[in-house]
Visitor: 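Shown below is the structure under consideration.
Just so you know, these numbers use all the heavy atoms, side chains as well, and skip hydrogens, waters and symmetry mates. Residue numbering restarts at 1 for every chain, and letters A, B, ... go by the order of the sequence lines.
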There are 2 protein chains.
Amino acid sequence: MSPAGRPRTFDMEAALQAAMLLFWEQGYEATSLAQLREATGLSSASLYGAFGSKEGLFEKAVEHYIAGPGSVTDVVADETVSPREAVARLLHGSISMQTDTSHPRGCLVALSGTVRAPGAGEAGVRKVVAARRAADRAHIRACVVRGVTSGELAEDTDVNGVTSMIHGFLLGISTQVCDGTSAGHLHAAADAVLANWDARGR
Amino acid sequence: MSPAGRPRTFDMEAALQAAMLLFWEQGYEATSLAQLREATGLSSASLYGAFGSKEGLFEKAVEHYIAGPGSVTDVVADETVSPREAVARLLHGSISMQTDTSHPRGCLVALSGTVRAPGAGEAGVRKVVAARRAADRAHIRACVVRGVTSGELAEDTDVNGVTSMIHGFLLGISTQVCDGTSAGHLHAAADAVLANWDARGR
DNA sequence: TCAATATCGGATCGTTCAATCCATAATTAA
DNA sequence: TTAATTATGGATTGAACGATCCGATATTGA
């Protein structure tokens with residue numbers, strides 16, 4: 001049943017897509033409501049009626065990102081493939097997505113909310129992206145654990161160490177892409193990380 | 001010979017230190033001039049007289065950072081030590097510095113200027129930190145090349161790939177530290193990267 | 001048919017932003 | 001001394017900020 005009141009006329013998906021691209025390109029702080037209004041074609045009233053605040057819009061835009069381009073990292077949570085294969089797809093897939101020229105460079109989740117600002121709104125911005133980063137890390141760690149139990153990795157493998165190595169490289173991809181490092185070099189780097197995985201087999 | 005005119009009464013080093021800590025903690029965009037005025041104890045006139053603009057102050061603060069805490073990465077440019085040793089000191093030194101609780105977490109250079117903003121000032125902010133990142137990368141690459149020529153690394157080593165792996169991990173340290181990853185896990189991760197280096201020997 | 005509800009465009013809110021101006025003070029060069 | 005130059009504190013600028021208000025409009029449930 002439709003809710004009472006005048007129905008919304010704008011396309012929510014299109015608005016979130018436009019907002020996502022803007023936040024992705026410029027970051028949360030540097031993106032103004034005036035820009036968001038122009039990009040989405042919405043008035044302040046519509047924007048605030050639908051999302052409550054700039055921070056609320058950012059959260060929804062991040063969710064849209066995670067469901068869209070950011071979904072490339074979902075493969076690492078797939079336990080039906082071997083842990084090495086999952087990590088390989090995670091790294092190579094992330095590189096391909098982040099260097100795709102049809103949208104802004106890098107990863108919105110990796111680049112946002114990495115500094116602490118005093119405003120209350122900042123904490124919320126930080127929380128939503130940090131949560132996704134923590135989830136990715138947890139999935140990587142689960143892969144490493146699976147690798148050890150399956151025998152792909154040595155028994156004495158430092159799980160947290162290998163996890164931090166892979167996750168660190170993953171996070172560093174974004175900055176490198178922003179600085180212009182080529183996809184080819186990054187794919188080779190991912191192979192180097194995976195070679196490390198192989199070298200740790202018993 | 002002293003320059004003509006009324007001499008400056010404030011401590012330039014102290015002012016840059018205060019500004020550096022603020023930019024480090026909050027990032028360029030989220031740091032306001034009012035905060036910078038309070039932290040440095042200077043008036044707008046003194047600030048603008050000495051640095052010209054917020055962007056100019058940021059550039060000087062970054063130089064102060066590079067000469068101070070950021071100097072830990074200088075070791076990778078030291079050609080008197082073996083390339084593996086240089087990379088080892090780079091990674092472990094960076095982790096120790098970034099997790100030191102006597103100052104903000106992470107690396108100011110790695111966390112700043114990773115997004116493109118439309119304003120003209122943004123380009124300048126981006127330039128100064130991106131230049132340092134490029135320099136670090138070049139030094140890492142030189143180490144990898146030295147490793148190949150010295151025989152530490154195999155002749156068929158993908159130089160750009162290994163460089164991107166090491167640099168990517170280095171850049172990713174900052175985000176991990178901001179998210180609370182422990183120094184211990186990161187040191188173990190650095191060892192994993194270095195183990196990769198060793199495994200690539202011929 | 002009508003009250004209640006929710007969205008719309010657009011004007012507008014008070015605040016904060018980076019930056020500038022001004023009168024005064026302190027120094028050097030002539 | 002005097003003129004030129006630079007730094008100082010403090011008031012102030014116009015613009016941009018995020019957010020809200022308002023009258024008009026469109027829909028639902030009674």
Visitor: Using whole Å, report how far CD of Glu38(B) lies from P of dT16(C).
Guide: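 Distance check: Glu38(B) CD to dT16(C) P gives 14 Å.
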Visitor: Between Gln35(B) (CD) and dA18(C) (C1'), how many Å, whole number?
Guide: 13 Å
Visitor: Cation-pi check for Tyr28(A) against Lys54(A): NZ or CZ below 6.0 Å from the six-membered ring centre and within 45 degrees of the axis, yes or no?
Guide: yes
Visitor: Rounded to the Å, how far apart are Arg8(B) CZ and dG9(D) P?
Guide: 12 Å
Visitor: Once side-chain hydrogen bond (donor to acceptor under 3.5 Å, both in side chains) is applied, what residue pairs with a partner in residues 10-23 of chain A remain, sequence neighbours excluded?
Guide: Gln17(A)-His64(A)
Visitor: Would you mind telling me which of dG9(D), dA18(C), dG9(C) lies closest to the side-chain atoms of Ser32(B)?
Guide: dA18(C)
Visitor: Tell me, please, which residues at least two apart from Ser82(B) pass side-chain hydrogen bond (donor to acceptor under 3.5 Å, both in side chains).
Guide: none
Visitor: Name all residues meeting the side-chain hydrogen bond (donor to acceptor under 3.5 Å, both in side chains) criterion together with Asp179(B); count only those two or more places apart in sequence or in a different chain, and write none if there are none.
Guide: Arg133(A)
Visitor: Sequence neighbours left out, what pairs pass salt bridge (Lys or Arg N to Asp or Glu O under 4.0 Å) with at least one residue falling in residues 67-79 of chain A?
Guide: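 Qualifying pairs: Asp74(A)-Arg132(A).
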Visitor: Name the nucleic acid region contacted by Ser43(A), choosing base, sugar-phosphate or nothing; use a 4.0 angstrom heavy-atom cut-off, strictly under.
Guide: base
Visitor: What one-letter contact string describes nucleotides 19-27 of chain C from 5' to 3', where B marks a base within less than 4.0 Å of any protein heavy atom, S marks contact via sugar-phosphate atoms alone, and - marks no contact?
Guide: BBB---BBB
Visitor: Run the side-chain donor-acceptor check on residues 106-114 of chain A: report pairs under 3.5 Å with partners two or more places apart or on a different chain.
Guide:
{"from": "Ser112(A)", "atom 1": "OG", "to": "Leu108(A)", "atom 2": "O", "distance (Å)": "2.7"}

Visitor: Is Ser46(A) near enough to dC8(C) that one of its side-chain N or O atoms lies under 4.0 angstrom from OP1 or OP2?
Guide: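 Yes, such a contact exists.
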Visitor: Return the value, rounded to whole Å, for the distance between atom CG of Leu42(B) and atom P of dA7(D).
Guide: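 These atoms are roughly 12 Å apart.
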